[in-house]
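Only a predicted model underlies this, so the values are computations on that prediction, with no experimental measurement involved. Note that these values count all heavy atoms, side chains included, but never hydrogens, waters or copies made by symmetry.
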Amino acid sequence: MQWRKETTNRWGPPLLLLVLTLATLIFLDRPLIRGDGVAYLAWLDSFALDQDIDFDNQLQKLAPVNTYQLAWNDETERLVNIFPFGAAILQTPFYWLGHFFLGQNWWNVNPDYFRQMQGVAAPYSFWVMIGANVMALTAVILTYLLGKSFTDNWTAALVAWGVFLGTPLVYYATVSPLNSHNPGALMTAVFFFLLARITGLIKNDHSDIRFLVVGQANPMSDKKSGVLPVDGAPWGHWLLLGVSAGLMVLVRWQLLMVVLPGYALLLWDKKWRGLLVTAVLSLLVALPLPLIWNQMFGQPIVIPYQAVSGDAFLKVSAGTWWVLRQTPRYSPILWLSFTGLFFLWRVDKRWAVMVTAVILIQVIINGAVLDWWGGETYGVRRMSELYPLYGLLACLTLQRRQKDEGNRMKAAWQLGGRALLFALVFYSGFLLLVFLDYTWTNQDGLFIAGPPTMIRHFLNQPNRWQILGEVLRVHVGPASWSMPGP
């Protein structure tokens, strides 16, 4: 009986997490690329099929949907794309699968519709959607592995799924499958998972999924194989840390300001050799960025939007307070995360300082950009790359302290915290459904409104659940995949 209980506690939570996350992804999936996704599609199509950065072919393909995504640069006299290209690198294998499917005429449904709505055939966006799901699922698993060191496995699983559902990441992993937020969250999760192992925040647990980390967790194993660890961590950890950091910058340039506080933590710990290995590798991985910028804009270091339009993209942080206020307004589950900063301070002051700096820097940067409100966005989308940190902090808020098991006040806090988690997860799911109803049924042509406005809109509909069911059938989920509504 004891063996059965231990097995259930070990494998039950990750299996539950897989089921919940996969069900969420499939329920909301939409194989249609629109808006900013068209800019990433131009990169992806050029990388995967043409193996170049010349957008002449893509301009022809994407003509029905290209409005601002591809622009002409008078200075270099060529078509340019001001959006980052890292997401296209990660999605290339899935795009190749779409190309293969198209060649076999598999799932090439409603070709005229898909070409009119996104510029390319259905198999391409279908496999991009699968790629987005794989990235999101991996980020969720890594967040669970980060958080389970500080709370029980069942709570860690619910937190990993609940924070995913309660932040904009869920929308940008499903309804809008091609963007930089989802792959940005994935690379951030890899980076902080490895950083937590290297710095000792979480223990090296051999029961973790081994394919996520290259090299043995036990440094003694490296000695037996003739490969000495670097600053107490296996070589594989440092190499993957550098690759993930470089890809973070390629996927979303502003994530450089997430990488640097992490590197500062390694400096704090005096892990000079490992940091040198990681920093050199991250620079090599990020090297295509200045090379491509130089070819497109005539300068290796440039702000692409500013180079094309002449307008300043970064301004005084007029939107900083808005970003700080609206982030938990659309994602109230993050209050569990922000509370976790206090508990992280008690566990590891170095990490508390670093994580606080990461969050505040991202708030300031996102409040300083030209469109600090994010345009047509579900929630504050530019803060969603920090998903793994949100999950870690929420697990710290809900941590179980063995020495306080007999204390009724502590037991009440733990019970109340988990009840609050369930309530916030329920509200997050409800708010997401309300948003989907609002964005596709409001008569003002608005993409999103404040939560109270959207909830009132939903409750004032006489046949609200029937309308919501029809919205879901037409726009998201398997029933819509052959012709998802724009």
Side-chain angles (χ1 to χ4, degrees), residues 25-26 28-50 53 55 57-59 61-70 81-99 101-102 107 113-139 164 168-188 247-248 250-253 255 374-379 381-382 384-385 387 439 447 475-477 480-481 483-486:
L25 293 170
I26 294 171
L28 295 170
D29 268 340
R30 179 171 175 251
L32 191 66
I33 299 168
R34 305 285 291 171
D36 288 355
V38 175
Y40 298 107
L41 178 59
W43 282 117
L44 180 54
D45 192 81
S46 187
F47 283 170
L49 302 187
D50 298 343
I53 56 171
F55 293 121
N57 291 342
Q58 284 64 46
L59 186 63
K61 287 183 182 180
L62 305 178
V65 288
N66 180 58
T67 53
Y68 59 86
Q69 293 86 354
L70 296 178
N81 190 332
I82 66 171
F83 288 75
F85 54 81
I89 295 174
L90 296 176
Q91 280 281 9
T92 291
F94 299 97
Y95 205 72
W96 283 337
L97 284 170
H99 188 66
F101 265 54
L102 181 62
W107 213 77
Y113 177 81
F114 275 92
R115 285 193 171 89
Q116 183 64 31
M117 289 293 105
Q118 64 181 16
V120 298
Y124 290 114
S125 54
F126 176 80
W127 276 101
V128 165
M129 178 187 77
I130 299 299
N133 288 178
V134 170
M135 294 180 201
L137 186 59
T138 306
F164 172 71
L169 185 60
V170 66
Y171 181 88
Y172 294 99
T174 54
V175 183
S176 180
L178 186 55
N179 55 80
S180 60
H181 305 295
N182 185 33
L186 167 63
M187 289 298 100
T188 303
L247 285 173
M248 284 169 70
L250 293 183
V251 169
R252 284 190 65 77
W253 308 317
L255 292 182
E376 292 188 342
T377 170
Y378 175 63
R381 60 185 173 88
R382 288 175 177 146
S384 57
E385 292 84 12
Y387 158 74
T439 195
F447 183 81
H475 293 282
V476 301
S480 74
W481 288 356
M483 189 182 285

For this session: Would you please name every residue forming a side-chain contact (heavy atoms from CB on, under 4.5 Å) with F85, sequence neighbours left out?
Result: W43, F47, I89, L250, P288, L289, I292

For this session: Begin with the C-alpha distance, continue with both residues' side-chain angles, and end with the deciding distance and a verdict on side chain to side chain contact (heavy atoms under 4.5 Å, CB included) for Q91 and Y40.
Result: CA-CA 10 Å; Q91 280 281 9; Y40 298 107; over 6 Å; no

For this session: Measure the CZ-OG distance between R382 and S180 for me, rounded to the nearest 0.5 Å.
Result: 9.0 Å

For this session: Hey, could you give me the CG/OG distance between L28 and S480, rounded to the nearest 0.5 Å?
Result: 10.0 Å

Exercise. With sequence neighbours left out, which residue pairs that include part of residues 37-50 fulfil the salt bridge (charged side-chain N to carboxylate O under 4.0 Å, His left out) condition?
Worked result: D45-K61

For this session: Kindly write out the residues that satisfy ring-ring contact (aromatic ring centres under 6.0 Å, His included) with F94, not counting sequence neighbours, or none if the list is empty.
Result: none

Problem set entry | Residue list, side-chain contact (heavy atoms from CB on, under 4.5 Å) with T439, at least two apart or on another chain | F435, F447

Seminar exercise, completed: Sequence neighbours excluded, the answer for ring-ring contact (aromatic ring centres under 6.0 Å, His included) partners of Y113 is none

Exercise. Are Y68 and D36 linked by a side-chain donor-acceptor pair shorter than 3.5 Å?
Worked result: yes

For this session: Could you grab the distance from atom OG1 of T174 to atom CG of L169, nearest 0.5 Å is fine?
Result: 9.0 Å

For this session: Return the set of residues passing side-chain contact (heavy atoms from CB on, under 4.5 Å) with A122 (not counting sequence neighbours), or none when no residue passes.
Result: W107, V109, F114

For this session: Measure the spacing between CG of L49 and CG of N57 and express it to the nearest 0.5 Å.
Result: 9.5 Å

Problem set entry | Interatomic spacing from CE in M135 to NE2 in H181 - rounded to 0.5 Å | 14.0 Å

Problem set entry | Shortest non-hydrogen contact from T92 toward A48 | CG2-CB, 4.0 Å

For this session: Give, for atom OH of Y387 and atom OG1 of T188, the distance between the pair rounded to the nearest 0.5 Å.
Result: 12.0 Å

